[in-house]
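Position 1 is the first residue of the sequence; numbering continues from there. These numbers come from a predicted model, not from an experiment.
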Amino acid sequence: MALLRRELYRRVKGPEVTHADCCTLVFDTDAKDLYVEREVAHLDVSIDSAIEIQTATMGIADYLKQGGQTAGHRELWRLLRTLFKETSDRRVD
């Protein structure tokens with residue numbers, strides 16, 4: 001399975017890496033599926049440096065309907081406008 005990925009957003013909080021949040025636009029070339037993957041990692045240095053990683057996938061519409069306008073939302077909107085601007089500039093007779 002070949003996955004094409006484009007990072008939409010990455011945020012890291014803490015003096016050391018204690019919390020990371022990353023959203024990626026993913027195209028599965030085999031399944032012909034386009035979706036957003038969100039990965040959240042939390043490092044707890046007080047518990048033997050335990051790390052918890054959660055990954056969730058969602059459709060593009062579901063991602064855009066989430067509350068707030070993050071940098072990931074803005075980047076995805078920018079990409080979509082770029083794609084549709086190219087097609088809307090072409091004249092259909």
Side-chain angles (χ1 to χ4, degrees):
M1 169 171 59
L3 299 177
L4 304 176
R5 298 173 174 273
R6 179 173 179 129
E7 187 173 291
L8 297 172
Y9 171 75
R10 177 179 299 272
R11 180 176 60 181
V12 178
K13 290 187 205 176
E16 298 175 11
V17 178
T18 55
H19 184 81
D21 185 1
C22 179
C23 287
T24 306
L25 183 63
V26 180
F27 180 63
D28 181 334
T29 59
D30 292 338
K32 307 296 186 263
D33 192 17
L34 182 65
Y35 58 92
V36 175
E37 180 179 88
R38 182 173 182 207
E39 183 176 280
V40 177
H42 180 75
L43 172 65
D44 191 344
V45 292
S46 65
I47 308 175
D48 297 325
S49 297
I51 189 165
E52 178 184 350
I53 300 174
Q54 297 177 343
T55 303
T57 61
M58 64 193 87
I60 293 172
D62 291 333
Y63 176 70
L64 291 173
K65 289 178 186 175
Q66 288 183 336
Q69 279 292 316
T70 67
H73 286 92
R74 289 187 297 274
E75 176 62 8
L76 183 53
W77 278 117
R78 187 191 69 74
L79 289 171
L80 291 171
R81 279 192 301 274
T82 301
L83 288 172
F84 288 103
K85 183 173 191 265
E86 288 178 9
T87 58
S88 66
D89 287 345
R90 296 182 194 151
R91 274 190 82 124
V92 177
D93 293 321

**Q** Do I51 and H42 come close enough that some side-chain heavy atom pair is under 4.5 Å?
**A** no

**Q** Can you find a heavy atom in the side chain of D30 that is under 4.5 Å from one in the side chain of L3?
**A** no

**Q** With a 4.5 Å limit on heavy-atom distance, are the side chains of T24 and Y9 in contact?
**A** no

**Q** Not counting sequence neighbours, which residues clear salt bridge (Lys or Arg N to Asp or Glu O under 4.0 Å) with R74? List them please.
**A** none

**Q** Please, which pairs that meet side-chain hydrogen bond (donor to acceptor under 3.5 Å, both in side chains) have at least one residue in residues 51-62, sequence neighbours excluded?
**A** E52-Q54

**Q** Can you list everything that forms a side chain to side chain donor-acceptor pair (under 3.5 Å) with Y63? Sequence neighbours excluded, please.
**A** none

**Q** Kindly write out the residues that satisfy salt bridge (Lys or Arg N to Asp or Glu O under 4.0 Å) with E75, not counting sequence neighbours, or none if the list is empty.
**A** R6, R78

**Q** Working to the nearest 0.5 Å, report the span between CG of L80 and CG of L64.
**A** 6.5 Å

**Q** Would L4 and V26 satisfy side chain to side chain contact (heavy atoms under 4.5 Å, CB included), going step by step from the backbone distance to the final call?
**A** CA-CA 6 Å; L4 304 176; V26 180; over 6 Å; no

**Q** In Å, rounded to the nearest 0.5 Å, how long is the span from SG of C23 to CD of E7?
**A** 9.0 Å

**Q** Do V40 and I53 land in one hydrophobic cluster if side-chain heavy atoms of ILVMFWY residues count as linked below 4.5 Å?
**A** no

**Q** Less than 3.5 Å apart, which donor and acceptor atoms pair up between the side chains of residues 31-38 and the rest of the protein, not counting sequence neighbours?
**A**
| from | atom 1 | to | atom 2 | distance (Å) |
| --- | --- | --- | --- | --- |
| K32 | NZ | T29 | O | 2.5 |
| E37 | OE1 | R5 | NH1 | 2.9 |
| R38 | NE | D21 | OD1 | 3.0 |
| R38 | NH2 | D21 | OD2 | 2.8 |

